[in-house]
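Scope of the values below: all heavy atoms of this structure, side chains included, with no hydrogens, waters or symmetry mates. Order of the sequence lines sets the chain letters (A, B, ...), proteins ahead of strands, with each chain counted from 1.
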Amino acid sequence: MPDKSDKVRVRFAPSPTGYLHIGGARTAVYNWLFARKHKGSFILRIEDTDAERSTTDSIEGILDGLKWLGLDWDEGPYFQSANINAHKKAAEHLIETGHAYKCFCTKEDLDMKREAAKTSKQPYKYDRNCRKLSAKEAAENEASGIPCVVRFKVPDREGALVFNDLVYGPIERHYDDIEDFVILRSDGSPLYLLSNAVDDINDGITHVIRGQDGLANTPRQILIYEALGARLPEFAHMPLTLDLKKQKISKRTHGEVVAVQFYREHGFLPWALVNFLVLLGWHTPDDREIFTRDELIAAFSLDGISRANSIFNYRPGDPKFFTDPKALSINARYIKELPVEEIAWQIKDKLKEAGLYDTQYDGAKRQWFLDTLNLLRVRYHTLNDFVTLGRPYFSDEFQIDQKALNKNILKYPEVKDWLPQLAEALSRLPTWGAAETEAAIRGFIDKTGAGSGVIINAVRTVVTGQAVGPGLFECLAAIGKERVTTRLKNMPNLVMA
RNA sequence: GUCCCCGUCGUCUAGCCAGGUCAAGGACACAAGCCUUUCACGCUUGCGACACGGGUUCAAAUCCCGUCGGGGACGCCA
């Protein structure tokens, strides 16, 4: 058990896959939060021993995701592959101290036994054949060139190995149920269980916070710690995130939605994603849901992690929700409630990508820019909405929504005549603002006897391309006299086309 | 199959450890109404869950047992 005085050291140890998986990101978030909360260190270690998957690009994908989320690490990235010698040495040490032994059973042999056990519905466990070999016999085997693996010698003890998981509580595993597992392959390379434990020891990890799929490995790793005479870290396993069918979420079956990068591309604020992810299987005593970074760090505790797996509520092909609705709603809330300046630079990036950014938004038109974002953001859900739905505010090239056209324009043939007339009236306004345009339009309505809803909705459709949006007069004020009058004048072309 | 873990509204969850204040609370989603020139804005209301069966108890979502359901682990993968 680590001393209370010890500085907390946690790690996130992904294997490189080219992108950061949201499940992995959640694990990273919990570790990062725990480190920050306890003023400890958050260490990044890449478990890259599966060589062919570990390219520079696939590692970069992970780092990129973490950086975007704002999960800064204090040490690393370390690479597991760099420590292979240490892992081998640990295995040798285990053999010398009688905690491991060489096993000459062939893979084919073991496969057969495993298969036989399966067909006869018997539980399979390695029969410890080579454990009984004398030192002399082992040496002879080796001398005659028979390949061997190294197995860990599970102690012959009565009862069960018990450890206290910080999330799941006491976990028991009978020694009888643990088989002598392989720690070194026949080519001498180390296996995950060993490497992982040795690295954690070397990195001085005090708390192993990882997915529940590591829970069943823990007893074996504890045995390695013991045999190596290392101090045990605390373990905290977190529930998994599954899909609606209770399957693990993966890029293979679910596509890009499981990748953190997807959320950047789709207009998420990184912190909104973090906030969503942290809520998947964790809560505060007072059930708060929205946190600033500092609030979250202060509020975070392993106690709040639940034990049941949670579900990522993603319905493929849903036209309205391209990801979990709760994630979208949290994102929308941040877009709505953050100080505008904080979202403005991120919207700038999006507008630039779309070729819609005017450098004056940083200068003379700064105030207009911020006011317009304020006007729009109340009903937007993602940053991308500013370049799609918000396009008519920044550009003259935009599509008119077909439904809006049918409903607000084509249904009323008279508007074809009215709108250009209205454009005339508006163009004569000496000053341009919501109050002025409202007065002018209401005056026009009185004069022509047109329905106010008809005119207002028609104007909205022509000027913004949509049937929905903020109050019309504020829209007009934001879009500006020039653009508004031009769009109204050109309106009959729309009907022709 | 064996071992381990889990099981409250559609989803995230509160409550469970220290049984009564829970005819089970919040959030998201959904529905209706209101507002309004419109809406994926706002406001109000509504719909909706203790997996099942036993037991203990004056009293059980909360404790015990069983059943069922789900997940994970059982590799010379990580």
Describe the nucleic acid contact of [X] in one word from base, sugar-phosphate, nothing, applying a heavy-atom distance below 4.0 Å.
X        : value
A/Gln466 : nothing
A/Ala467 : base
A/Lys107 : base
A/Arg460 : base
A/Val182 : sugar-phosphate
A/Phe321 : sugar-phosphate
A/Pro470 : base
A/Gly211 : nothing
A/Lys320 : sugar-phosphate
A/Asn217 : base
A/Cys105 : base
A/Leu472 : base

Original post:
Does the distance from a Lys or Arg side-chain N to an Asp or Glu carboxylate O, for A/Asp286 and A/Arg288, drop under 4.0 Å?
Top reply: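 A salt bridge is present here (some side-chain N lies under 4.0 Å from a carboxylate O).
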**OP:** Taking only Lys NZ, Arg NE, NH1 and NH2, and the carboxylate oxygens of Asp or Glu, determine whether A/Lys125 and A/Asp176 approach each other closer than 4.0 Å.
**Re:**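 So A/Lys125 does not pair with A/Asp176 through a salt bridge.
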Let's see if you can work this out: which of [options] has an atom nearest to the side-chain heavy atoms of [X]?
X        : options             : answer
A/Leu215 : B/G72, B/C6, B/C5   : B/C5
A/Ile311 : B/C5, B/U11, B/G72  : B/U11
A/Glu289 : B/G71, B/G25, B/C12 : B/C12
A/Pro123 : B/C76, B/G71, B/U2  : B/U2
A/Lys246 : B/G71, B/G10, B/C30 : B/G71
A/Leu244 : B/C76, B/U38, B/U11 : B/U11
A/Arg442 : B/U37, B/C4, B/A78  : B/U37

Base-pairing assignment for [N] (Watson-Crick or G-U wobble, both under 3.5 Å):
N     : result
B/A24 : none
B/U56 : none
B/A32 : B/U44
B/C68 : B/G7
B/G1  : B/C74
B/A14 : none
B/A49 : none

[atom1] gap between [N] and [M], integer Å:
N     : M     : atom1 : answer
B/G25 : B/A14 : P     : 15 Å
B/G70 : B/A29 : C1'   : 23 Å
B/G55 : B/G72 : C1'   : 31 Å
B/C22 : B/C30 : C1'   : 25 Å
B/G54 : B/A59 : P     : 15 Å
B/A24 : B/G46 : P     : 12 Å

Can you tell me if the side-chain N/O atoms of [X] get under 4.0 Å from OP1 or OP2 in [N]?
X        : N     : result
A/Arg185 : B/C77 : yes
A/Lys336 : B/G42 : yes
A/Arg307 : B/G7  : no
A/Arg114 : B/C76 : yes
A/Ser306 : B/U13 : yes

Subject >> Geometric cation-pi criterion A/Lys350 and A/Phe386, 6.0 Å radius, 45° cone >> reply: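 No; the conditions do not both hold, so A/Lys350 does not lie above the ring face of A/Phe386.
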Rounded to whole angstroms, how far apart are [atom1] on [X] and [atom2] on [N]?
X        : N     : atom1 : atom2 : value
A/Glu474 : B/U36 : CD    : P     : 16 Å
A/Tyr192 : B/C76 : OH    : P     : 16 Å
A/Asn331 : B/C28 : CG    : C1'   : 14 Å
A/Asp177 : B/G72 : CG    : C1'   : 15 Å
A/Tyr126 : B/C76 : OH    : P     : 11 Å
A/Arg333 : B/A27 : CZ    : C1'   : 9 Å
A/Asp109 : B/C76 : CG    : C1'   : 14 Å
A/Asp324 : B/U13 : CG    : P     : 11 Å

Original post:
For the residue pair A/Tyr263 and A/Phe268, does the interplanar ring angle fall in the parallel (under 30°), tilted (30 to 60°) or perpendicular (over 60°) class?
Top reply: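 A/Tyr263 vs A/Phe268 ring planes: perpendicular.
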Original post:
What is the ring orientation for A/His237 with A/Phe235, classed by angle as parallel under 30°, tilted 30 to 60°, or perpendicular over 60°?
Top reply: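 Ring orientation, 0 to 90° scale: parallel.
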Original post:
Is a donor-acceptor contact shorter than 3.5 angstrom present between the side chain of A/Ser186 and the base of B/C76?
Top reply: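 Yes.
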Original post:
Any donor-acceptor pair under 3.5 Å joining the side chain of A/His283 to the base of B/A14?
Top reply: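 Side chain to base: no pair present.
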**OP:** Would you check if the side chain of A/Arg11 reaches a backbone N or O of A/Ile43 as a donor-acceptor pair within less than 3.5 Å?
**Re:**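 A pair under 3.5 Å: no.
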Subject >> Check: A/Tyr124 side chain, A/Lys118 main-chain N or O, donor-acceptor pair, under 3.5 Å >> reply: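 Looks like no, no N/O pair under 3.5 Å.
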Subject >> A/His207 side chain to A/Asn31 side chain, donor-acceptor N/O pair below 3.5 angstrom >> reply: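 The answer is no; no qualifying pair exists.
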Subject >> Along RNA chain B (nearest heavy atom to each residue), the more 5'-positioned of A/Asp287 and A/Lys407 >> reply: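 Upstream on the strand: A/Asp287.
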Subject >> Along RNA chain B (nearest heavy atom to each residue), the more 5'-positioned of A/Lys245 and A/Lys326 >> reply: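 On the 5' side of the pair lies A/Lys326.
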**OP:** Would you please indicate if the ring centroids of A/Tyr126 and A/Phe181 are separated by under 6.0 Å?
**Re:**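 That pair fails the under 6.0 Å test.
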Original post:
Quick one: which of A/Leu302, A/Leu166, A/Val167, A/Thr27 gives a side-chain contact (heavy atoms from CB on, under 4.5 Å) with A/Ile209?
Top reply: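 Answer to the side-chain contact (heavy atoms from CB on, under 4.5 Å) test with A/Ile209 among A/Leu302, A/Leu166, A/Val167, A/Thr27: A/Leu302.
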